[in-house]
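Taking it in order: structure first as C-alpha cells, then the write-up.
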Amino acid sequence: MEMFGHVLFVVLLGGLSLPVLLHAQDDQSGFISLDCGLPRNSNYTETTTGINYISDAAFTDTGIGMKMMPEFQKDVQQMVWSVRSFPDGIRNCYKFNLTKGNKYLIRAYFLYGNYDQQDKVPGFDLYIGPDKWESIKLESASSAVIKEIIHVLPSSYLDFCLVNTGSGTPFISALEIRLLNSTIYKTDQSRISLNDFSTLDAGSTINKTVRYKDDVYDRIWLPYYGDDNWTSISTSLIVDSESSNIYKPPSIVMKSAGTPKNASKPLNVRMETGDDTSLRFYVYLHFAEIQELQANESRECNISLNGKHWYGPFSPKYLSTTTVYSPSTLTGGNYSISIYKTENATHPPILNALEIFTVKEFLQAQTDPKDVDAITNIKSMYGVKRNWQGDPCAPQAFVWDGLNCRDDSSNPPRIISLDLSNNNMTGIVPDFLSQLPLQVLNLEGNKLTGSIPAQLLERSKNGSLSLSVGGNPNLCSSVSCKKKKSNIIVPAAAAVAALLLLIAAALAIFFILKKRRQKVGKVQKESNYNIVDSFESKKLRFSYSEIVTMTNNFERIVGKGGFGTVYHGCLGEMDQVAVKMLSQSSVQGFEQYQAEVKLLMRVHHRNLVSLVGYCDEGDKIALIYEYMANGNLQEHLSDSRTSMILSWEGRLRIAVESAQGLEYLHNGCKPPIIHRDVKSPNILLSHKFQAKLADFGLSKSFATDDNTHVSTVVAGTPGYLDPSYYVSNRLTEKSDVYSFGVVLLEIITSKSPIIRTNEYEKTHLRQWVDSLLAQGDIRNIVDSRLQGDFDINSVWKAVEVAMACLSPSANKRPSMTVVVMELNESLATEMARIYQSGSGYDSKDSIDPMISMDLGTEMNPGAR
Ligand SMILES: *[C@@H]1O[C@H](CO)[C@@H](O)[C@H](O)[C@H]1NC(C)=O
Ligand SMILES: *[C@@H]1O[C@H](CO)[C@@H](O)[C@H](O)[C@H]1NC(C)=O
Ligand SMILES: *[C@@H]1O[C@H](CO)[C@@H](O)[C@H](O)[C@H]1NC(C)=O
Ligand SMILES: *[C@@H]1O[C@H](CO)[C@@H](O)[C@H](O)[C@H]1NC(C)=O
Ligand SMILES: *[C@@H]1O[C@H](CO)[C@@H](O)[C@H](O)[C@H]1NC(C)=O
Ligand SMILES: *[C@@H]1O[C@H](CO)[C@@H](O)[C@H](O)[C@H]1NC(C)=O
Ligand SMILES: *[C@@H]1O[C@H](CO)[C@@H](O)[C@H](O)[C@H]1NC(C)=O
Ligand SMILES: *[C@@H]1O[C@H](CO)[C@@H](O)[C@H](O)[C@H]1NC(C)=O
Ligand SMILES: *[C@@H]1O[C@H](CO)[C@@H](O)[C@H](O)[C@H]1NC(C)=O
Ligand SMILES: *[C@@H]1O[C@H](CO)[C@@H](O)[C@H](O)[C@H]1NC(C)=O
Ligand SMILES: *[C@@H]1O[C@H](CO)[C@@H](O)[C@H](O)[C@H]1NC(C)=O
C-alpha cells in the first residue's frame, strides 16, 4: 500500500543527485535557478547537481537576504543555505520574463533553519499570478518543503508571490524554473496545472533521487519500491528515451523496473486521497523492456483502473520507452492501478517509472497584459515601490496602491484609475500612460518635467479622463508649450499647473467703447523677460506677441463669454493660464478702468481666482487668469458629467469655500468689493477641486456686448439677481448674498435657478424648494443622485442658510460671515456621519474626499 496524492513529498536534500553522467548533458539554457537571499550578482555551481545558481535579487524588489543557522547547513545542498525573507508588506513577488503559452516546471524550496533566530517556524501562502497555489506549513526548523507545479504561462511574465497570512514572516530558500516541451503533460483543460506530483523511479537499483543532468528537464525522480509483493529487475544497458519518447524519462530511471514477486500476480499501485474527493489526477506510466526475450518468450500486459480494463494488451519495447497516460483527469476518491500479464505471456508485468499529478486550477483572470506592460513601465521608469508587485489588479485583496481596476468577471481586469500623487517622481510623463483605459489620473505633487502627452490632454479635454497634474513645478501641461521658446520667456519655477476641462462660461467682462488707447507704459517692458517666480510674485502686463506665444497662436479655446473668448495658455514652461481676449466691441474704455484692473490683481485669497496679468496693445485687450483645471461648478452639478457625482460632503466644501471667497471680498478688501455676478458658472474648481470665485469686481467696470451703456449696466444673471435691485437700482453686498443663496440651492438640488415646469411656465428654484419645504419634504429637495447618502440635519442646515440668503428683504439676509459659519456647521455634521459610519477615510485622507464616482471608488484629491 502506498499513499500518494495530496501528501507532498519531502525530500532529503543532502546528496540528492548523482555524479553519474550518462549523456554528459550540460545545457541549462531553459533553466532559471535562484539561490534566494544570495548577494546580488553572485553565482556558483552547486557541487552535487552541477546546477548554476544565481542571486534572486534581480527578480524581486523586496525582501532581505538572510542565512540559516550553521547547524542546519550540514546535510543540505548549498542553494538552501541562504533565504530571502519578506518582513514587510502582505504580498511580495518575484517577476520573471518568460514566454506566453510555454510550459514551465516551477519548483520552490523552503527550509527555515532558524535563519531569524526566532525559533518560530512560519506558515504563509504561495501565489502564482493572481491565484493562490499552496499554503506552506513547515513542521520544524530542519524540515524542508519542496513545492512543484507544471504550469502553462497565460502571459509573458510569471508573478510568483509569497503572502503573509499572519503566521510569521514568509521566506523562500530557492526557486527553480524549467522550460518543458509543451507537447508533454497535456491536460484536457487549458487552465489546469499539474501540481503536487510524485515522479517515481520504480524499482530503483541505485536507491537515490535522480534529476539534472540525467534528466534534461530536471525533474526529480524518487526511488519507489511498491509494496511487499514487488521486486526489482534492472539492466546495465542504456534505455533510449531521449529520441524515442517526448517525455524523456532518464535512462537511469528506466533501466530498472518493479515487477511482482509472483509472476502471475498483478503489479498494484494504489492512490489514496483521504477525505478529499475533490482531488483530480493525471497519471503517466513509463515502460521499457529491460530483459532480452527469446523467441519463445513474451511479456504482454493489460492495465486496469479500479478493476476495469484501462489499456492493453501491450508489450514494452526493448530498451525503449513507452508512456501510457490518462488523457483526461481521473476524478475523486481512491484509485487502484493494476498491471498484469495477459494469459499467454511468459513474463510478469513490469513498471519502470510513474508520475502522478493532482490538478490545480488557476481561474482568476490576470490584469489585461497591455495594462500590465504600461504599469510595469511606469513602475520601472519612476522607481515606484509601494506594494507594486504581482498582478496589479488581482486578486482584489492585493490591488496595487493607487490603482483602481474594473473587474467585470467576464473580461480581464483593466486599470481605470491611477494615483501617483506625492511620489517624488522625476522625468517626463510618458506616452504609454495613455495606453491605460484611465478615467482618473493623478500626478500631483511630483517633480515631473516636460509636457503632458497629447492623447492624455485630449481625453481630459473631452471629459473622459480626470487628470490632475498640479504641484509639478516644471511640468508643462499644455500642448501649446511643448517647444521651449527661449527667446520669449525664461522658464520659471511656478506654482499652478493643471489641465482639463477648461474654464467655461465664466466671466462677464465688459469694455466700453473707445477707439484708441495709449499704452500706459508704467510697467516696464523688460519685466516680460524675467517673468514670475510664481503667480503671486509679480503681476504684469504682457505684449500681444507674448499672448500669441502663450496661447500657441490661440490654439485651444476653453470657454466663451459675452465679452470674448477664453484660451488656454502657458506662462513660461509651466504655469497654465486662461487668457480672455476681449471682443472688439468690449475693449473700449480699458484705459479708464486700468487702475481698477490693477487693483484686482492685488486681491488674493485662496478662494478667489487670481488675475495674473493683462495685455492692452491697441485693440488687443486680454486678461490673464490662473487656470482652473476642473471647470466650473455648474458643469459638475449638471448631468453632463455623468461619471462623477459630487458627494454631499464635496458639495458642502465647495459651498464653504466659495462663501469664504465672497466673504473676503466683502470684509477683507478695502473698499469692499461687490461681486455683482455670483453664480455657479463663476465658481471654478481647481485640479484639487478647490472652489474659487471668478470675475469679481469686473462687472462694475465693463459692459457686455449686448449692454454697452456704461454705468447703469444691470450686472448679474437672470435667476441670480437680487429682486430688490429692481426697486433700489443698487447692488450691495446683500445682493451678492442673495445670489449666493441661489447657488446654494443649486448645490443642494443640482437644478438650475430657473426651472421650466412646462412648456409655458417657469418657476424660480426658490419657489420650488419653498413648496417642498411647505410639505416638510426635505429629502426630495436634495439631488436624487446622492441616493440619500447624506446627513439629513446637515442638509436642513444648508437649506435654512440658503433660504435666509434668499430673503426678499435685504436686511433679513445674513452677512457672508454668518453664512460661512453656518455652512461650516453643516459640513461638520456631515463629517461626523462619515466618520461614524466608518464609510471612508482614515484621518489623513479625511480632509478631502470630494467626489464619489459611480464606480464605487473614491477619489482622494489629496490634502491641501
Ligand atoms: C557568475 O559570476 C561571475 C563573476 O563572479 C560572472 O563573470 C559570471 O558572468 C556570472 N555568471 C552568471 C550566470 O551570472
Ligand atoms: C523584463 O522585460 C522588461 C521589458 O519587457 C524589462 O524592462 C525588464 O527589465 C525585464 N526584467 C528582467 C528581470 O529581465
Ligand atoms: C517538443 O517535442 C516535439 C515532439 O517530440 C518536437 O518536435 C519539438 O521539436 C520539441 N520542441 C522543443 C522545443 O524541443
Ligand atoms: C534505500 O535507502 C534508504 C536509506 O537511504 C534505506 O532506508 C532503504 O532501505 C533503501 N532501500 C533499498 C530498497 O535499498
Ligand atoms: C501481497 O499479495 C498477497 C497475496 O496476493 C496479498 O494478500 C497482500 O495484500 C499483498 N500485499 C499488498 C501490500 O498488497
Ligand atoms: C502465485 O500466485 C498464484 C495465483 O494467485 C498462486 O497459485 C501461486 O501459489 C503463487 N506462487 C507463489 C510462489 O506464491
Ligand atoms: C524457451 O526456449 C529455451 C530453449 O530454446 C528454453 O530453455 C526456455 O525454457 C524456453 N522458455 C520458455 C518460457 O518456454
Ligand atoms: C480511500 O481508502 C481509505 C483507506 O483505504 C479509506 O479510509 C477512504 O475512505 C477511501 N476513500 C474513498 C473516497 O473511498
Ligand atoms: C487484456 O485486454 C484485452 C483487451 O481488452 C482482453 O481481450 C484480454 O482478455 C485481457 N487479458 C486478460 C488476461 O485480462
Ligand atoms: C494463447 O495461446 C493459445 C495456444 O497457443 C491460443 O489458442 C490462444 O489464442 C492464445 N491467446 C491469446 C489471447 O493470444
Ligand atoms: C520624497 O522625498 C522626500 C525627501 O527626499 C522624502 O522624505 C519622502 O519620504 C519621499 N516620499 C516618497 C513617497 O518617496
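We count ligands from 1, going down the list as the structure has it; atoms in each ligand are counted the same way.
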Please find the pair of heavy atoms, one from Phe362 and one from Lys132, that lie closest to each other, and give the distance.
CE2-O, 4.2 Å
Which of the ligand 5 atoms, numbered from 1, are nearer than 4.0 Å to a heavy atom of Lys265
4 (C), 5 (O)
Pro39 backbone acceptor or donor facing Ser42 side chain under 3.5 Å
yes
Any idea how Phe86 and Tyr94 line up, ring-wise: parallel (<30°), tilted (30 to 60°), or perpendicular (>60°)?
perpendicular
Can you tell me how the ring of Tyr284 sits relative to the ring of Tyr325, calling it parallel under 30°, perpendicular over 60° and tilted otherwise?
parallel
N-O pairing of Lys360 and Asp131 below 4.0 Å
no
What does the N/O contact table under 3.5 Å look like for ligand 9?
| from | atom 1 | to | atom 2 | distance (Å) |
| --- | --- | --- | --- | --- |
| ligand 9 | 2 (O) | Asn302 | OD1 | 3.1 |
| ligand 9 | 2 (O) | Asn302 | ND2 | 2.3 |
| ligand 9 | 5 (O) | His309 | NE2 | 3.4 |
| ligand 9 | 11 (N) | Asn302 | ND2 | 2.8 |

Distance under 6.0 Å and angle within 45° of ring axis: Arg178 vs Phe31
yes
